[in-house]
Amino acid sequence: MTTPRKQQISLDDTPYYHLVSRCVRRAFLCGLDNFTGQSFEHRRQWIVDRIKFLSDIFSIGICSYAIMSNHYHIVVKVDSTNCWSDKQVLYHWASLHRLPILCDLFLKGEPLGKAELLYVKDRITLYKQRLMDISWFMRELNQFIAEKANQEDHVKGHFWEARFKSQALLDERALLTCMAYVDLNPIRAAMAKTPESSDYTSIQERILNKDSKLVSFGKDESSIPYTLSDYLDLVDMTGRVIREDKSGYIPEELPSILERLNLPVDSWLDEFKQFKSSDYTAIGTVDQIKRFCISVGKHWAFGLKLTVNPG
């Protein structure tokens, strides 16, 4: 039985979520279809562009992404819209959908009656909720891509699986494990040899574009609480070690990010290799997963339980 979305997402427990959406057709979402010889590589940029566009509209930041041949991964950070002004909410929603007439008049500064203002306020409250809602974000992303792909293929019908998959990342270790997993997907799939050559990934964007609008690394509350250089070291080291078709080695000096987490490199690699994109609804320690279950109203969750840090 499919788990209701409200039992997979609890912003009180974590703002970080790993999202996966998969194409239902035999034909590739992106890349070269070996059966027909047709290339759909250009669709990768469609997805990246749409992700960036929606991130500017929603109060949802992008931590990492990877666009694969028949699916894509995104790690997002959800922020509150409570501090947004009424007009800001309406302007953002109007970037996606036509506003009701009364909301449009409100934006233009036209005088409205009491009942009309109450209607506008109700719509603003609704739009505030939607603009920080992961399901609405994914709906706006997948529907747009499906319509473009169907138009290009001259077909109708479903393009994506009915539901996207969502994983709650309950602490910093879960976040880093998932981000590295996403960023290394093309290397694990033999689509690229190095992070910087992994096209349509966040790791390549962070390396090549200093002005990237992805969620930044840093010390303030809105950032991922580590440095970019530490994260790049972590991904590079993990990428060398996990390749089964290439002899790798574990550096004698561990990346400082692992040292600060008090996490032995062997434990990190074990957790990374256990990570699955579709099998777990939550990732964290046993206690964190138990608290998450209480928050979302579940008696249990199929989760990846990280070991408690020593120290």
Side-chain angles (χ1 to χ4, degrees), residues 3 5-21 51 55 58-66 71-80 132-135 137-138 141 163-185 188 201-203 206 214-218 220-228 230-231 234-235 238 257-258 260-263 267-296 298 300-309:
T3 304
R5 191 66 63 194
K6 66 181 180 180
Q7 292 187 353
Q8 299 181 43
I9 295 174
S10 170
L11 298 181
D12 290 334
D13 288 281
T14 179
Y16 296 105
Y17 290 84
H18 174 213
L19 313 173
V20 184
S21 200
I51 289 171
S55 181
F58 283 77
S59 188
I60 295 178
I62 308 301
C63 299
S64 65
Y65 65 84
H71 68 286
Y72 66 81
H73 299 260
I74 317 176
V75 177
V76 300
K77 180 178 185 289
V78 181
D79 293 313
S80 174
M132 55 178 291
D133 188 305
I134 288 174
S135 291
F137 180 93
M138 294 296 285
L141 171 56
R163 289 165 58 87
F164 65 90
K165 294 180 172 63
S166 171
Q167 293 176 315
L169 307 175
L170 300 179
D171 62 8
E172 294 169 3
R173 280 175 55 194
L175 173 63
L176 291 172
T177 303
C178 185
M179 287 180 62
Y181 175 88
V182 169
D183 278 328
L184 287 169
N185 248 258
R188 293 171 59 248
T201 61
S202 52
I203 190 73
R206 289 186 187 278
L214 299 173
V215 176
S216 62
F217 287 84
D220 59 274
E221 293 183 359
S222 63
S223 302
I224 300 168
Y226 296 99
T227 68
L228 175 58
D230 281 341
Y231 178 71
L234 179 69
V235 172
T238 307
I257 195 168
L258 291 183
R260 289 201 301 274
L261 287 172
N262 293 319
L263 182 62
S267 297
W268 161 261
L269 291 173
D270 286 343
E271 291 173 3
F272 184 91
K273 292 175 182 178
Q274 290 178 50
F275 191 94
K276 301 291 184 183
S277 63
S278 59
D279 292 347
Y280 304 113
T281 58
I283 302 172
T285 65
V286 174
D287 289 340
Q288 289 169 336
I289 293 176
K290 287 180 179 178
R291 289 194 295 270
F292 178 77
C293 288
I294 293 172
S295 297
V296 299
K298 294 180 66 176
W300 59 272
F302 191 25
L304 175 58
K305 300 172 180 63
L306 305 182
T307 54
V308 178
N309 293 348

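Both backbone and side-chain heavy atoms feed into the values below; hydrogens, waters and symmetry mates do not.
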Which distance, rounded to the nearest 0.5 Å, do you find between the CG of Leu214 and the CD1 of Ile224? 8.5 Å
Minimum heavy-atom distance between Val215 and Ser223, given as atom pair plus value: CG1-CA, 4.5 Å
Can you say whether the rings of His18 and His73 are parallel (under 30°), tilted (30 to 60°) or perpendicular (over 60°)? parallel
Smallest heavy-atom separation, Ile289 atom then Gly284 atom, equals CD1-O, 3.7 Å
With heavy-atom distances below 4.5 Å as the criterion, would you say the side chains of Tyr72 and Leu141 are in contact? yes
To the nearest 0.5 angstrom, please state how far the CG atom of Leu19 sits from the CD atom of Gln167. 9.0 Å
Does the side chain of Asp183 come within less than 4.5 Å of Ser202's, by heavy atoms? yes
Got a second to check how far Thr238's OG1 is from Tyr181's OH, nearest 0.5 Å? 14.0 Å
Supply the atom-to-atom distance Ile60 CD1 to Ile51 CD1, rounded to the nearest 0.5 angstrom. 11.5 Å
Spell out, as yes or no, whether a donor-acceptor pair under 3.5 Å connects the side chain of Thr177 to the backbone of Arg173. yes
When you measure from the side chain of Ser295 to the backbone of Arg291, do you find a donor-acceptor pair of N or O atoms at a distance under 3.5 Å? yes
Identify the two heavy atoms, one from Ile74 and one from Met138, that lie closest to each other, and give their separation to 0.1 Å. CD1-SD, 4.4 Å
Quick check: does any side chain N or O of Tyr231 sit under 3.5 Å from a backbone N or O of Met179, one acting as donor and the other as acceptor? yes
Closest approach of Ser166 to Tyr17 (non-hydrogen atoms, all atoms of both residues): OG-CD2, 3.8 Å
Locate the shortest heavy-atom distance separating Cys63 from Val76; write the atom from each residue and the value. SG-C, 4.3 Å
Quick one: are Asn185 and Thr201 in side-chain contact, heavy atoms under 4.5 Å? no
Shortest non-hydrogen contact from Phe217 toward Leu228: CB-N, 3.6 Å
To the nearest 0.5 angstrom, please state how far the CZ atom of Arg163 sits from the OG atom of Ser21. 11.5 Å
CZ of Phe137 to OG of Ser55, rounded to nearest 0.5 Å, is 6.0 Å
